[in-house]
Every structure is written in C-alpha cells, then in structure tokens.
Amino acid sequence: MQIDIGNALASEASPGISREALDRLDERVARAHERIERGRRDDEFGYAALNLPETTDPDEITETVAPVNDAAYVLVVGIGGSALGAATIAEALGDSRLLTLDNVDPDHVSEVLSLLPLSETAVTVVSRSGTTAETLANFLVVREAFTEAGVDWTERVVTITGDAGPLRELADRHDLPALAVPDGVPGRFSALSAVGLAPAAIRGHDIGAILDGGVRAAELSPSLFETPAYAYGAVAYALDMRGAAINAMMPYAESLESFAEWFAQLWAESLGKDGLGQLPTRALGATDQHSQLQRYRAGPGNTLVTLVRPRERPDLRVPETDHDDLAYLGDTGLGELLDAEFAATEASLAEAGRPSVRIELDWVDEAGIGELLYTMEVACVLAGELYGIETFTQPAVEWGKRAARGLIGDGNDESDSVAEKTRLVVE
Ligand SMILES: O=P(O)(O)OC[C@H]1O[C@H](O)[C@H](O)[C@@H](O)[C@@H]1O
C-alpha cells in the first residue's frame, strides 16, 4: 500500500504542512511510536487491537462457526464497531449474501426478514458489552421470526460477545456456538478479530488472507517517512491543526463504500474529544465528484480529501460507437474512466490549492482490505497520540446509549435530561 502526501504539503495546498514542519512532526511521531509499541507489547487496552493480525486464530473462528457454515446467507446483528467491520469486509469481497442489521428501523428490519430464506440463513449476534439496546432488540425480533418460520434459531445463531453480560448468559443457556471479543479491543478496532471475520468465515472466505493483509502493515518503523499509516495519521492531524477540520473519505470503488462508513466511526469516536478531532465525512468517487467536489474545491478551505483506490481492478470495456460525439469513450474501460475521474478530482483540488492525500492499495481483495483496515487503525492511534487524547474511549456515545435505554424504561439519570429539553416549536 502506498500513501502519497505530496498534495498536502504547504507548497501545494492551504491548509498544508511545510517540509520543515513535517520533519519536526516526525520527531513527535518517533515518540508516539514508542508509546504505541509499549502498548502493543503490554497488551494495553486499545493498543492490544494492533496485535490482532497475529493473535487472532482463524482456525478457531472457522471451527466455531462450522455448525452454521452451510448457510447461504449470513445476517449480522450488531451496531457500530460490532457491525461495520463485517459489513466492510463483505462489501470489499463482493459478498451480497452477507447482510447487516445495524439499525432498529422497523420497516427495514421487516423487509430484511421477509426477503431472507431463514432456513438457509445463519445469524451472528455481536455485542462487546452484551447490553446494546438496538442489537438485543433486533436479536429478539430475529429470533421470533425464525420461530414463526418453523426454524430452530438455536441451530442458526453464533454469538460474539465479552466474558459477561446478557448475551453471554443467553449463549450459555442455549449452548450456542460462541466467540469472544478479545480483551482490550474496543469495538471499532475489532474488525480483524472474530467480530469482523466470523461472518466472512461462515460465507467461506479466506479469513487467514485478510489477517495476512493486516500482518503486511503491522511492521511499524518510527518515522512517518517509512510507515504509510503514520504518514496518514500525522498529516491528517497536522492539517486539522492548520484548519482542515473535515476529513472527506472518498474511495473510488463501490466495494469500499462501507469502508468510508467504518472509517467515519473510527475517526469520529476515537478522536472527537476535548474539543478536538476532525469530522470524517463519507463520499464515493466518481458519484460525489458530481456533487460534493464543488464544496471541497470552492467552499471554505477546511477540508482534507482522502482519495482511495485500488491500483488494479477487473475492467469492463465500453463498446465502440459510430456516434461521433461519443467516439472518445469507445474502446476504453469503465475502470479506465474511473481512474481518469480519480486523477481529475485530485488535479482539480490541487489546482485550487486544496489539500488531498492519495491512498492506493494493490487490489480490493482479502489481503487488500485487511491491510487497509489495519493501516487506518494505526493512523488513528498515532493521531490520538499527537492530539494527546484518550483514543479508546467514547463517553459521549455512551451517554446517548444510556439515555436511550432510560427513555424506554430502564430508569437511568440521563433520560431525565432528555425529558427537560427546551422546546421552541414552529409548525
Ligand atoms: O459491541 P457493543 O457493546 O454492542 O457496542 C456497539 C457500539 O456501541 C456504542 O455505540 C459504542 O460507542 C461503539 O463504539 C460500539 O461499537
């Protein structure tokens, strides 16, 4: 994988970072690297996630899911870090039979359940805490749908959860196949554990190759000039400090659309603290080139655009045509056109002096997605060290979680604050 930060230099863009400032920042990266390596060595909370490519045992996952690996469809019931990794991996591998229920929209849940052949469907119910209301409510609905369809849900469900909590008790009571969310690994950093990999394993994907991709990026040198993940994390941080409060993640591949969603959780929950942190936004090339690019290029200069693409992809020829005006399209490929769109967006931003970073992976395949996810996790941890914030907590999100539970009846304090909201209604 390659990360090109040239278009984020002050000589090219504003905000941008000068070569001298980058050299000075590299000294801070070296110190942050020591902290990260110590955390990995001691398996400290959060840092332990960066050991997953080596510590996750793909055989244990494959064996545990064996009772349901005849399933034609997999339904992941989870939310946030307990769903986005699996969804990202499924999409990257072009697997449309791996679906995710990560919202409690009744219309959507009903539709998914009515479309799925439940007797051919395996369910992974995933919650690190085992207490997340959305996940447990959806699971109860799914379970009932299986029963109503005459399918024994206990034969179709795998649980992935922590050591204790309601989901663990349920797994024990019904003797369900169970995998653990590894100790010290926050949900949004768990894609390369059973959380992200078990659903793919049920569908028969080579999860060992996904982990190998992570291993490829796990050798970290103490300099941003030698470690792509550090280059990205350091430049994103430096540009934020210089005014790029928004980071628009824009992959040029439909198969990476969910990756942008995964990245948004990683970046926002990890770095949005103490009044700091870039706002990650999601875009898709070339589609958003025809909408959001206007704002990136000509709106306030507060956005770093992160352009991601595979260097190679299968192409689809555009047929030759005898229409003179369309002749230039004939005998090209859609992939060739997409690459031209990518280069045009990059050039358009550079021409206007707006910063971008280019991330290129070889292919969007098992190893490619493993490497990309791992690289972004390291980038995020590095950025957290540079900001000096607690990367691995999410107190603001937890507040909302407790308040939502309180509002539907578990009687906790935050729900009182919700009830007292000031109203100024216009109808
Ligand atoms: O895995 P769970 O405990 O169910 O949590 C699911 C999600 O819940 C919250 O929104 C947290 O802030 C996320 O980081 C977490 O991924």
Side-chain angles (χ1 to χ4, degrees), residues 1-5 8 26 29 32-33 36-37 39-40 46-56 81 84-85 88-89 91-93 185-186 188-193 196-197 209-239 247-253 255-256 258-271 278 280 304-311 356-386 391-392:
M1 176 186 295
Q2 261 194 11
I3 297 194
D4 182 349
I5 56 174
D26 201 33
V29 169
H33 170 77
I36 292 169
E37 287 300 76
R40 286 169 94 187
Y47 300 95
L50 303 185
N51 293 327
L52 285 176
E54 281 104 4
T55 54
T56 300
L84 289 168
T88 300
I89 289 169
E91 194 177 85
L93 303 183
V185 176
R188 59 189 174 276
F189 287 89
S190 66
L192 297 179
S193 74
L197 300 175
I210 300 173
L211 290 168
D212 288 345
V215 170
R216 216 149 70 180
E219 182 90 11
L220 307 174
S221 303
S223 166
L224 71 90
F225 298 107
E226 287 163 16
T227 304
Y230 287 168
Y232 185 72
V235 163
Y237 160 79
L239 264 68
N247 186 340
M249 177 54 73
M250 189 172 189
Y252 274 69
S255 58
L256 293 176
S258 294
F259 160 72
E261 209 176 327
W262 173 88
F263 174 82
Q265 187 205 10
L266 181 77
W267 218 246
E269 263 196 351
S270 302
L271 305 176
Q278 278 183 320
L304 165 67
V305 182
T306 303
L307 301 164
V308 185
R309 72 164 169 194
R311 283 222 194 85
S356 68
V357 170
R358 175 197 279 222
I359 299 181
E360 289 180 306
L361 46 154
D362 296 342
W363 280 89
V364 184
D365 58 5
E366 286 83 350
I369 194 66
E371 188 176 12
L372 181 62
L373 293 173
Y374 186 83
T375 299
M376 289 295 120
E377 288 179 18
V378 173
C380 181
V381 176
L382 186 267
E385 300 299 331
L386 297 174
T391 306
F392 303 113

| said: Return the OH to CG distance between Y230 and L220, rounded to the nearest 0.5 Å. | reply: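 Reported value, rounded in 0.5 Å steps: 4.0 Å.
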| said: Quick one: does any side-chain atom of E366 pair with a main-chain N or O of A209 as donor and acceptor, under 3.5 Å? | reply: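 A pair under 3.5 Å: no.
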| request: Could you tell me which non-hydrogen atom of S258 sits nearest to which non-hydrogen atom of T88, and how far apart they are? | output: O-OG1, 3.3 Å
| Side-chain heavy atoms of T375 within contact of I359, under 4.5 Å | no
| query | Is the backbone N or O of S223 less than 3.5 Å from a side-chain atom of S221, with the two atoms forming a donor-acceptor pair by type? | reply |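 Absent.
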| task | Mind running side chain to side chain contact (heavy atoms under 4.5 Å, CB included) on I89 and L373 for me, showing each step along the way? | result | CA-CA 9 Å; I89 289 169; L373 293 173; 4.0 Å; yes
| task | Any chance you could measure Y374, atom OH, to R216, atom CZ, to the nearest 0.5 Å? | result |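 Going from OH on Y374 over to CZ on R216, the span is 14.0 Å.
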| message | If you define the side chain from C-beta out and look only at heavy atoms, does anything of I210 sit under 4.5 Å from L93? | response |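 SC-SC contact between I210 and L93 confirmed.
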| query | Taking all non-hydrogen atoms of both residues, which atom of G233 and which atom of A383 are closest, and how far apart? | reply | O-CB, 3.9 Å
Without placing hydrogens or testing angles, list every side-chain donor-acceptor pair under 3.5 Å for residues 46-54, not counting sequence neighbours.
| residue | atom | partner | partner atom | Å |
| --- | --- | --- | --- | --- |
| Y47 | OH | E385 | OE2 | 2.6 |
| N51 | ND2 | R40 | O | 2.8 |
| N51 | ND2 | D43 | OD1 | 3.0 |

| said: Minimum heavy-atom separation for A191 and G85, please, with both atom names. | reply: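 The pair with the smallest heavy-atom distance is CB-CA, 3.9 Å.
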| message | Between V357 and L239, is the side chain to side chain contact (heavy atoms under 4.5 Å, CB included) condition met? List the steps. | response | CA-CA 11 Å; V357 170; L239 264 68; over 6 Å; no
| query | How far apart are the closest heavy atoms of I3 and P228, and which atoms are they? | reply |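 Between these two residues, the closest heavy atoms are CD1-O, 3.4 Å.
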| request: Would you please classify the geometry between the W267 ring and the Y232 ring as parallel, tilted or perpendicular, with 30° and 60° separating the classes? | output: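 Ring orientation, 0 to 90° scale: tilted.
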| query | Are the side chain of D365 and the backbone N or O of G368 linked by a donor-acceptor pair below 3.5 Å? | reply |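 Checked: pair present.
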| field | Any L304 side-chain heavy atom under 4.5 Å of Q278 side chain | value | yes
| Looking at CZ of R358 and CD1 of I5, how far apart are the two atoms once the value is rounded to the nearest 0.5 Å? |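 R358 CZ to I5 CD1: 13.5 Å, rounded to 0.5 Å.
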| field | Heavy-atom check, side chain of V308 versus side chain of F263, under 4.5 Å | value | no
| query | From L266 CG over to M376 CE, what is the distance, rounded to the nearest 0.5 angstrom? | reply |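 Between atom CG of L266 and atom CE of M376 there are 9.0 Å.
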| Non-hydrogen side-chain atoms of I369 and L256 separated by less than 4.5 Å |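 Sidechains of L256 and I369: in contact.
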| note | All heavy atoms of A234 vs all of L382, minimum pair found to be N-CD1, 3.5 Å
| message | Measuring from atom OH of Y237 to atom CG of N247, what distance do you get when rounded to the nearest 0.5 angstrom? | response |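 It comes to 15.5 Å.
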| S190 side chain vs V185 backbone, donor-acceptor pair below 3.5 Å |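 Not confirmed, S190 side chain does not pair with V185 backbone.
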| remark: CE of M1 to CG of L372, rounded to nearest 0.5 Å, is 4.5 Å
| Close side-chain approach of V381 and F392, heavy atoms under 4.5 Å | yes
| query | Looking at side-chain heavy atoms only, is the closest gap between E377 and R188 below 4.5 Å? | reply | no
